[in-house]
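Both ligands and their constituent atoms are indexed starting at 1 by order of listing. Start at 1 with the first residue, then count along the sequence.
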Amino acid sequence: MTSTDVAVIGAGAIGTSVAWRCAQRGLSVTIIDPAPERGAWQAAAGMLAPITELHYAETELLQLSLAALARYPAVVDELTAVTGIDVGYRQHGTLAAAWDAADLVTLRELAAFGRGLGLTMQPLTGAELHELEPALAPGLPGGVLAPSDHQVDPRQLHRATLRAAITAGATLRTATASVRVERGAVCGVDLDDGATITAGRTVLTAGAWSASISGLDDSARPQTRPVKGHTVHLTDVGELRHVVRGRVGGNTVYVVPRDGGRAVVGATTEEAGFDTSTRLGAVYELLRDAQTVVPMLGEARLGEISTGLRPGSPDNAPLLGPATIDGLIVATGHYRNGILLAPITGDIVADLVSTGTLPELADPFRPGRFRSEVLG
Ligand SMILES: Cc1cc2nc3c(=O)[nH]c(=O)nc-3n(C[C@H](O)[C@H](O)[C@H](O)COP(=O)(O)OP(=O)(O)OC[C@H]3O[C@@H](n4cnc5c(N)ncnc54)[C@H](O)[C@@H]3O)c2cc1C
């Protein structure tokens with residue numbers, strides 16, 4: 001039996017950030033994960049896109065996402081200084097392009113809603129769109145520019161954050177963790193290699209697996225589910241100046257350009273349980289729609305097809321804060337924004353662990369919010 005101040009279950013996008021920030025505050029931290037490379041981050045496109053990811057019913061999430069975006073430059077500078085890793089943070093903005101008149105109406109309506117919230121979402125004619133991004137298909141009717149939606153490379157970000165956490169003193173254990181409960185409170189974790197780690201605070205950051213962690217009864221279990229996504233990684237892609245999001249006959253697709261002629265095309269959203277196999281129809285539809293908006297992709301080379309499991313929640317917003325059982329903090333359910341929200345989540349959890357107070361920004365995302373609705 002060993003002991004630590006903070007046990008972090010899951011070394012994905014969120015767990016590594018939590019571990020880094022807690023270790024920086026002088027806490028002893030152990031991160032446990034049997035297979036960090038299976039995290040959703042390895043399939044993620046890395047869009048930092050509170051504005052082009054705007055959904056009508058998600059205005060509280062928008063505030064958290066905008067705060068997360070604002071912290072990114074400083075976090076990137078810090079990570080690069082500590083690790084020397086280029087995390088691929090690029091600030092070229094995002095273009096949303098419509099394929100037909102109905103797609104344009106949908107985009108323009110959302111942009112008007114966003115402008116009403118004070119967001120910069122600039123409507124563009126087809127000609128303006130093409131001038132900003134010559135690689136787009138000729139004849140598109142128009143779109144919207146979101147100049148502050150940026151991108152990062154999630155694989156490099158994960159590598160850098162894990163390295164920064166270890167440099168700050170955190171330890172990584174390769175094992176599957178279950179929650180250890182004594183006298184009605186969480187007091188650490190039991191590992192499948194027979195070890196027990198007692199901890200002052202246990203943080204559940206197991207992404208799509210969070211609801212299936214052993215040791216918790218149903219009342220304390222976070223309400224997450226896996227939401228499968230495919231991305232297609234291309235090489236030998238010609239010049240793209242922006243992240244491009246296409247709306248093609250009601251379907252959505254994005255193309256995220258990376259350095260060295262690479263690009264990521266994504267993503268599907270599938271309720272398929274824990275299945276991570278590659279579905280040909282998904283890949284076909286993504287590439288078809290991407291090439292419709294950016295025809296030159298037909299000349300690119302296929303690098304890799306990835307699938308990952310986003311941690312979905314009942315309202316598509318994260319579960320952040322003290323669990324309904326003492327000793328446990330939950331930081332999961334980041335769904336399609338976990339790369340964007342990882343750094344701010346690390347800060348929020350580190351604040352909570354060290355002060356006992358959940359920062360106000362996180363208050364709407366308390367993990368117990370669904371249960372109190374049920375109980376009235
Ligand atoms: C196709 C796709 C595209 C995406 N694009 C974007 C994007 O553009 N922008 C954005 O912001 N987000 C994006 N996301 C979402 C983002 O990747 C996720 O929200 C984020 O990775 C969630 O982080 P996490 O740490 O909660 O989970 P993960 O990164 O999945 O990590 C969870 C970890 O928990 C570990 N674990 C599970 N069970 C246990 C256990 N019992 N003990 C110990 N460890 C355990 C797993 O092995 C895993 O390593 C995308 C996701 C997908 C799938």
Find all atoms of ligand 1 within a distance of less than 4.0 Å from any non-hydrogen atom belonging to I32, and give their numbers and elements.
43 (C), 44 (N)
Checking a contact table here: which protein heavy atom is nearest atom 25 (O) of ligand 1, and how many Å away?
I14 N, 2.9 Å
Just by distance, no angles: are the side chains of D149 and T52 close enough, under 3.5 Å, to form a donor-acceptor pair?
yes
Atom 13 (C) of ligand 1 [closest protein heavy-atom partner, distance rounded to 0.1 Å]:
R336 O, 3.3 Å
Set out, in order, the CA-CA distance, both residues' side-chain angles and the distance that settles salt bridge (Lys or Arg N to Asp or Glu O under 4.0 Å) for R279 and E270, then state yes or no.
CA-CA 11 Å; R279 192 170 58 79; E270 302 169 54; 3.1 Å; yes
How far is atom 9 (N) of ligand 1 from its nearest protein heavy atom, and which residue and atom name does that atom have?
M47 O, 2.9 Å
Just which atoms of ligand 1 are under 4.0 Å from any heavy atom in I213?
40 (C), 41 (N)
From atom 52 (C) of ligand 1, work out which of Q151, E53, E37, R310 has a heavy atom at the shortest distance.
R310
Sidechain N-carboxylate O distance under 4.0 Å for D33, R173:
no
Test: D351 and R21 ion pair at under 4.0 Å:
no
How far is atom 41 (N) of ligand 1 from its nearest protein heavy atom, and which residue and atom name does that atom have?
A177 O, 3.1 Å
Heavy atoms only: which of V18, I31, D33 lies closest to atom 49 (O) of ligand 1?
D33
Atoms in ligand 1 flagged as close to Y254, the criterion being non-hydrogen separation under 4.0 Å
3 (C), 5 (N)
Of the listed options G338, A68, G207, closest to atom 27 (O) of ligand 1 (non-hydrogen atoms)
G207
I'd like to know if A35 contacts ligand 1, where contact means a heavy-atom distance under 4.0 Å to any ligand atom.
yes
